[in-house]
Amino acid sequence: MLQLNFIRENKDLVIERLGVKNFKTAKEDIEKVLALDNDRKSAQKNLDDIKTEENKLAKQIGGLFKEGKKSEAEELKQKTATLKQEEKQVGETLAKIEQDIRTLLLSIPNIPHQSVARGKGEEDNEVVKMIGEIPNLPEDALPHWELCAKYDIIDFNLGNKITGAGFPVYKNKGAKLQRALINFFLDEATKDGYMEVQPPLMVNEQSAMATGQLPDKEAQMYVIPLDKFYMIPTAEVPVTNIFRDTIVEEKEFPIRRCAYSQCFRREAGSYGKDVRGLNRLHQFDKVEIVCIDSPTHSYEQLEVMKEHVSNLLKNLGLPFRIVRLCGGDISFTSALTFDFEVFSAAQKRWLEVSSVSNFESYQANRLKVRYRDKDGKMQLCHTLNGSALALPRIVAALLENYQTKDGIIVPECLVPYTKFNIIN
RNA sequence: GGAGAGGUGGGUGAGUGGCUGAAACCAACAGUUUGCUAAACUGUCGUACCUAAUUACGGGUACCGGGGGUUCGAAUCCCCCCCUCUCCGCCA
């Protein structure tokens, strides 16, 4: 969430920038939260004064008891009764105000970076780069779901039986290809300085809150009701939460982590061609990279991460484009996001395979990840993350783009991992 | 799942109702000493919020796993929850 002090000092900017995100109630909400904060301050002062008085009296009473002046002590005790009542009242008022502030702050999205343009949605995103050649496939080229059946490498019907739609079973070379991609991505991330971690696949409420999945995206997660756990929609959640409530050293920057995890998403409201085959699944594999750095260096890190993702796609030989998300499409918690989309040549569609974002201090404020700056002051860190990469759509593009009449050619960089160079 | 023990500042660890925001030690930082290193000595050494002030000397409040209670007063007593350890049970 946004820092209240920042909002107070940059009120107009915040309102203007929230407008870019099409956040309708920006002006009211910001004014309301500042008004509530003023109320909070006076209530706080009030409460502190009452407590000061109580503390003084308590000391006096203690002293009187020691001197054996019982009756005087009893007299003072009477005085504390009214104070305690006041304290209770003011305390309740304060607690309510604080709760209101928190609820309101949680409902206000992050403000977008200066480079983020206004826009309604996907259609207003800006393509900033396009790399690679779009392959010329013959007219009878098959979409990946048909290739999966033809070579018996991914079985959607089997998954339907075992669990339901969106939970495919990978078989034979399909399963091996998955494993190869995961290892390739992890090795590349390690080479670029990301320490590998294996996080839990379920998280508690606090973790989901800290990275911003809760409260507003609860419907996108699978919930384990008995234990109040959430299946992770991305490794971003557990990996970023590694740093929750910690103070890191400036000399540790940039902190880089990578993790392979399976991701679980309910994808409520998706339909049609979007969910065909591997295009949108409820369970999928992904390697995630996470970075934590100081506010002065976070945007450099964003570039470094974009470079990492670009290199992966270049190695795989997939044509891709980098898209800067507009205000209408960027996520609630992000300040700046670049999507990477590969061209899936048989479907003739661009598929999002990575999303690289700088959250600035928005997540860090909930996470309480801080560092001490040069003046010894506590500062919130900036957090960033990106997919590197999400598997299913990569697989879809690989299958479609590399299909030949003899089978599907495996890109060179993967052969050391798959130990085969064609799927037939 | 059952029984017991325990959770204190960056770390170790003292503290069972007021003199404890918290001893001591270690680490860290600054300084003195020194040809250099080490040692020794001196000082600093939590966070958040409120308030005063305004670029610097303050005052107050809260926080000893989390929440609630008893009390004039709680790290200390009581209740609930979470976590860790030991033993038993179960199990990959």
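Chain identifiers are assigned alphabetically (A, B, ...) following the order of the sequence lines, protein sequences preceding nucleic acid strands; residue numbering begins at 1 within each chain.
When ring centroids are compared, A/Tyr299 and A/His382 stay outside the 6.0 Å threshold.
Side-chain contact of A/Tyr260 with A/Glu288: a donor-acceptor pair under 3.5 Å is absent, judged by distance alone. Between the side chains of A/Asp29 and A/Thr25, at least one donor-acceptor pair of N or O atoms lies under 3.5 Å. Inspection of the A/Asn315 and A/Glu412 side chains reveals no N or O donor paired with an N or O acceptor under 3.5 Å.
A perpendicular orientation is assigned to the rings of A/Tyr362 and A/Phe332, their planes being inclined by more than 60° (bins at 30° and 60°). Note: A/Phe184 and A/Tyr417 have perpendicular aromatic rings, judged against thresholds of 30 and 60 degrees for the angle between ring planes. Under the 30°/60° scheme for interplanar angles, the aromatic rings of A/Phe340 and A/Phe320 are found to lie parallel.
Protein atom CG of A/Asp227 is 11 Å distant from nucleotide atom P of B/C82, rounded to whole Å. In this structure, A/Gln3 places its CD atom 14 Å from C1' of B/C49, rounding to the nearest Å. Atom CG of A/Leu94 and atom P of B/A48 are 18 Å apart (whole Å). A/Ile101 places its CD1 atom 12 Å from the P atom of B/C49, with the value rounded to the nearest Å. For the pair A/Gln379 CD and B/A48 P, the interatomic distance rounds to 10 Å; values are reported in whole Å. B/U51 atom C1' lies 10 Å from atom NZ of A/Lys41, rounded to whole Å. The CD1-C1' distance, from A/Ile97 to B/C49, rounds to 14 Å in whole Å.
Going from the P atom of B/G18 to that of B/U76 covers 12 Å, rounded to whole Å. Straight-line distance between the C1' atoms of B/C45 and B/A24: roughly 15 Å, to the nearest whole Å. Nucleotides B/C90 and B/G10 are separated by 40 Å at their C1' atoms, to the nearest Å. Using P as the reference atom, B/G59 and B/A52 are 15 Å apart when rounded to the nearest Å. Between B/U12 and B/G17, the distance separating the two P atoms is 26 Å to the nearest Å. One C1' atom belongs to B/A53, the other to B/G58, and the distance between them is 8 Å to the nearest Å.
Looking at which nucleotide of RNA chain B each of A/Arg370 and A/Lys45 is closest to, the 5′-most match is held by A/Arg370. Mapping A/Met378 and A/Ser42 onto RNA chain B via the closest heavy atom, the residue that lands nearer the 5' end is A/Met378.
At most 12 heavy atoms of other shown residues, nucleotides or ligands fall within 6.0 angstrom of atom CD in A/Glu122.
Applying the 4.0 Å criterion to OP1 and OP2 of B/C49, one finds that A/Arg40 has every side-chain N and O outside that range. Taking side-chain N and O atoms only, A/Arg372 has no distance below 4.0 Å to OP1 or OP2 of B/G46.
Base pairing analysis places B/A40 opposite B/U32; the two distances defining the Watson-Crick or G-U wobble pair are each below 3.5 Å. B/G1 is paired with B/C88 under the criterion used here, namely a Watson-Crick or G-U wobble arrangement in which both key atom distances are under 3.5 Å. If you check B/C57 for Watson-Crick or wobble pairing at under 3.5 angstrom, you find it has no partner at all. Under the Watson-Crick or G-U wobble criterion, with both distances below 3.5 Å, B/C45 is left unpaired in every strand shown. For B/G10, the paired nucleotide is B/C26, the pair qualifying as Watson-Crick or G-U wobble because both relevant distances are below 3.5 Å. When both distances must be under 3.5 Å, the Watson-Crick or G-U wobble mate of B/A52 does not exist. Summarising the base pairing, B/G18 is matched to B/C72 through a Watson-Crick or G-U wobble pair whose two defining distances lie under 3.5 Å.
Summarising the geometry of A/Glu53 relative to A/Leu83, their closest heavy-atom pair is CG-CD1, 3.6 Å, with the distance given to 0.1 Å.
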Exercise. What is the per-nucleotide protein-contact pattern of nucleotides 52-81 of chain B, from the 5' end, where B denotes a base atom under 4.0 Å from a protein heavy atom, S denotes such proximity for sugar-phosphate atoms only, and - denotes neither?
Worked result: --------BSS---------BS--------
